Asker: 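Structure incoming, see below.
Given the structure is predicted, the values throughout are model-derived calculations rather than measurements. Chain naming here is simple, since letters A, B, ... match the order of the sequence lines and numbering starts at 1 in each.
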Amino acid sequence: MARATLDPDKLPKHFDSAEAERRWDAHWQQLGVYHYDPSRPRAETWVVDTPPPTTSGTLHIGHVFSYTQTDIVTRYQRMRGKSVYYPMGWDDNGVPTERRTQNLFHVRCNPELPRDPSLALEPANAKQKSNPPRVISRPDFIDLCARVTAEDEKAFLALWRRVGLSVDWRTEYATIDERSRRMAQLSFWDLFQKGHVYQSDAPFMWDVDFQMAVAQAEVEDKLRPGAYHDLEFAVEGGGAFTISTTRPELLGACVGVTAHPSDTRHQGLFGKRAITPLFRAPVPIFASEKADPEKGTGILMVCTFGDQADVEWWRDHKLALRQVLGKNGRMAPVTFGSEAFPSLDADAANRAYAEISGRNLKQARTRIVELLRDPAASATGNGAPLVREPQPIEHAVKFYEKGDSPLEFLPTRQWFVRLLDKKEALLAKGAEIQWHPEHMRKRYEDWTRNLAFDWCISRQRYFGVPIPVWYPLDAAGLPDYSRTIVADPNRLPIDPMTDAPVGYQESQRGQPNGFSGEADVFDTWFTSSLTPQIASRWRLEPERHARLFPADLRAQAHDIIRTWAFYTIAKALLHENSVPWRQIAISGWILDPDRKKMSKSIGNVVTPIEPIEKFGADAIRYWSGSARLGADTALDENVFKVGKRLVTKLFNASKFALAQSAEPGPISTELDRAFVGELRELVAHCSAAYEKLDYARALELTESFFWKRFTDTYLELAKARARCESDAAGRASAVTTLRLALSVLVRLFAPVLPYISEEIWSWAFADEIGRASVHAAAWPGAADFSGIAAPADAASFDAAVACFLAINKAKADANVSAGRETLRLALAAAPATRARLAPVMSDVLLAARCAEHTLAEDATLELGTIAIRDALFAERAVEA
RNA sequence: AGACACGUAGCUCAGUUGGUUAGAGCGCCGCCUUGACAUGGCGGAGGUCGGCGGUUCGAGCCCGCCCGUGUCUACCA
């Protein structure tokens, strides 16, 4: 035979997915199939902006789900001929890694310390852990964190390779590595030059456990039990009123009292001063529209600071600052009778305060409630200030998303990016971007509209990118924060705690008239909001940046629209007045069978490696590729099974189809041409779906065609002719069609099922088309169908199928197998159907094993219907 | 409390701009086995498309209200 044929006996009986996954991964890496080609112009490049997974902990099946969806559309673009830039980073920088490193090596970080070149630490044993932790410099601590995350990064990489992500692994980076640090610091430098960042020493959200500020995007409300405490205050010059508070422990921080101006109950009080119980502090009583007459007693105490409303009253009414809560969440030592803490009875106040000083908030609350039950604490002489038992309520309390204690508002010095004045511009950029699914855009818009704070970017942490600034010290050795020294962009990355600014010597650190370095690091989002720029080497390689920015596609989940998507859009806006990407694809979540989000904290995660071993990576990918973008999907192992069955069917059907051989020849029969016509239509529909990122639709179409139009029908109708000795032309046409169909179908499946596709491709097409990998082959299109004549009637394949299935059904009704010979067959069809069947009837009869038949005209039958008037099948199967 | 999404067969999900008796896979029941594949094939049962009302010649799809689920946002006196 002139045409190379496949000897099925030389192929394995079953598809060993684990073995194939190892073999093809090695092949792809060796060939560099997924390498980005920087010589190609922007228009021929597809840039995908991928989420760097957090490398503390493990990846679960939900990660595989969403990353695979991105891989599928990216593989499609590669086959369309694009030079693909598909990077992978590891988000190792952040609080969880820091904690693990502290525990593992039993160390603490002090950014003030210089690097110790002789430091060589190993994980600490139990005995070492009984000693105080070793204190090391920030650069040394960062090195240790990198060591800790390196292991996870290896495991993550292995999983992604196993799943078949077509990442260009030469692009691997970490959000703490030198390039990312340089990019984050360059970003800061640029924002500083443009006036988009500022420092503020004002009350802001503070986590007392982590002892750091947090941004609005990292805050979540949790419902917590609380209680209204009704406390009687005195009015200077006589009188009394009762306020309601859930924060009695902050009574010492009370700086004012307010009620709604129209509230008749409190009209006479405005302008007077109130006297607090217990501490006897005189505070102003003022009217405020923000006070809600319906809540509590309608009149309330303003403290520094119980909540955001307190901050606003404090600021708007220029109230005193009485900070009783320390950064560590304990009551700070304060003295009543001082200028800051006035009291009409300082001795009593200090005696009371001594009871709570140094205690945490919860202890202080318990104790102060006890004190308030004492009539001696009254400011009015009417008896105990606590006028009734606390009334339990449930209320929303702000928490840091990773924290266990409620957030407090504390005045601290923080760096901010100014965003509140740019809402319109941010919304405009969001409108330029194509969102998939479209309704996710609304999440972005709602968040942007509701933004209440500028972006707090400084964190009181160690394992992060240092903020590249210093402050000059005055003659007294105090920093002048208004004269910030920003690091030279050409020197980045730097660590201001170990590097000296230009114009200073290291010996001047901390000295009068010298300098001090900024000890804080950036919020991790400050770095990860630059993933498109990290890829394009913004400001470092302008030509490359022009080719890779903005990216084509951002892929991410919907829960981080307010963080990752939002901050990335903000950065691109502030740096270059650009969008960071043209499209964004939002993946859904994987839910457990109880429809709960799969998450480590709930403990319902499914690790991916077991299903991969059991069903094969392609089957897992099939599951990912079956789900639409943005749709939360319940985990259903059944879909893995269906995927595996498809892979097996592809394996068997391909083996069989490719084993048919013939002299080369054109596609000449009506059946073959009509079938090819349908195949061509399938390709058009799949391409259109992929262009809309609707990979699930493309898969559904391909799968259904493969099963219903190819294996169940075309293959059955054509296989007898493909082996027919007496019809050389017909045989050649069938074999050519089979090969074409397989070549096209395998390529349509390739983005979703890369392993089995490559396996089949390697049997027959790798050499022929001159591509060593199906993933570097051209997406099916016009070229595959050129020179193939159109069928006389596009519906003739459909007619043949209908006839064949009708005969098979008759066999099933007669309880005989489809392979049984048909001895007698009387058919009837409408005249048009009959005419349509004529050129394909020989194939139908061959497939049905029918030697003789009649086909009557019956105008009463509907078009396309084939009626079986009489049939007789062989008693038993014929001997081979 | 608002916003968004979802609610279709026992389960997981399709249903493209409203158009004949609403689909797939799994599961269930029955049948078929020398013909590439039992990881197969054929057939069957199973749905008042969450509810009510409206628009229309015609509604799973459009509009209104309600119920349920999920998510996001808001809510510390």
Asker: Taking the side chain of A:Lys295 as its heavy atoms from C-beta onward, which of B:rA36, B:rC76, B:rU33 lies nearest to it?
Answerer: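 The closest nucleotide is B:rC76.
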
Asker: Can you identify which nucleotide, out of B:rA14, B:rC76, B:rC72, has its nearest atom closest to the A:Arg247 side chain?
Answerer: B:rC76

Asker: Is there a side-chain contact between A:Arg645 and the phosphate of B:rA24, meaning an N or O under 4.0 Å from OP1 or OP2?
Answerer: no

Asker: Quiz question: going by heavy-atom distance under 3.5 Å, is there a donor-acceptor pair between the base of B:rC11 and the side chain of A:Asp636?
Answerer: no

Asker: Report the nucleotide, chosen from B:rG40, B:rA3, B:rU12, that has the shortest atom-to-atom distance to any side-chain atom of A:Ala634.
Answerer: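 Closest nucleotide to the A:Ala634 side chain: B:rU12.
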
Asker: Looking only at side-chain atoms of A:Arg628, point me to the closest of B:rG25, B:rA14, B:rA36.
Answerer: B:rA14

Asker: Tell me: CG of A:Leu650 to P of B:rC37, nearest whole Å?
Answerer: 16 Å

Asker: Quick one: is the NZ or CZ of A:Arg224 closer than 6.0 Å to the six-membered ring centre of A:Phe399, and within 45° of its axis?
Answerer: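 Relative to the ring axis of A:Phe399, which defines the angle, A:Arg224 lies inside both limits.
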
Asker: Taking side chain to side chain donor-acceptor pair (under 3.5 Å) as the cut-off, I'd like each qualifying pair that reaches into residues 622-632 of chain A, sequence neighbours left out, listed once.
Answerer: A:His558-A:Asp632, A:Tyr622-A:Glu703

Asker: For A:Glu218 and B:rU73, give me the distance from atom CD to atom C1', rounded to whole Å.
Answerer: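 Interatomic distance, CD of A:Glu218 to C1' of B:rU73: 17 Å.
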
Asker: Salt bridge between A:Glu821 and A:Arg849, side-chain N to carboxylate O under 4.0 Å?
Answerer: no

Asker: Tell me what A:Trp707 touches on the nucleic acid: a base, only sugar-phosphate, or nothing, going by heavy atoms under 4.0 Å.
Answerer: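 Contact class for A:Trp707: sugar-phosphate only.
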
Asker: Under a 3.5 Å cut-off for both contacts, is B:rG30 paired Watson-Crick or G-U wobble with anything, and if yes, with which nucleotide?
Answerer: B:rC42

Asker: Using a distance-only criterion (donor-acceptor N/O pair, under 3.5 Å, no hydrogens), is the base of B:rG35 paired with the side chain of A:Arg723?
Answerer: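 Flag unset: no donor-acceptor pair detected.
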
Asker: Is any NZ, NE, NH1 or NH2 atom of the basic residue among A:Arg265 and A:Asp263 found under 4.0 Å from an Asp or Glu carboxylate oxygen of the other?
Answerer: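 A salt bridge links A:Arg265 with A:Asp263.
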
Asker: Among B:rA36, B:rU71, B:rC76, which nucleotide has an atom closest to any side-chain atom of A:Arg443?
Answerer: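 Shortest atom-to-atom distance from the side chain points to B:rU71.
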
Asker: Taking the nucleotide of RNA chain B with the closest heavy atom to each, which residue, A:Lys290 or A:Thr633, is nearer the 5' end?
Answerer: A:Thr633

Asker: Does NZ or CZ of A:Lys655 fall inside the cone over A:Trp763's six-membered ring, less than 6.0 Å from its centre and within 45° of the axis?
Answerer: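 Not satisfied by the 6.0 Å and 45° rule.
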
Asker: Output the single nucleotide from B:rU12, B:rC32, B:rA36 whose closest atom is nearest the side chain of A:Asn815.
Answerer: B:rC32

Asker: Any strand is fair game: report the nucleotide pairing with B:rG64 by Watson-Crick or G-U wobble, both distances under 3.5 Å, or none.
Answerer: B:rC52

Asker: Looking only at the side chain of A:Lys649 (C-beta and beyond, no hydrogens), which of the listed nucleotides B:rG41, B:rC75, B:rC76 gets closest?
Answerer: B:rG41

Asker: Can you tell me how far C1' of B:rC75 sits from CD of A:Glu294, to the nearest Å?
Answerer: 16 Å

Asker: Could you work out which one of B:rU16, B:rG15, B:rU12 sits closest to the side chain of A:Arg697?
Answerer: B:rU16

Asker: Side chain of A:His558 only, heavy atoms from C-beta on: which candidate in B:rC26, B:rA74, B:rU71 is closest?
Answerer: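 That would be B:rU71.
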
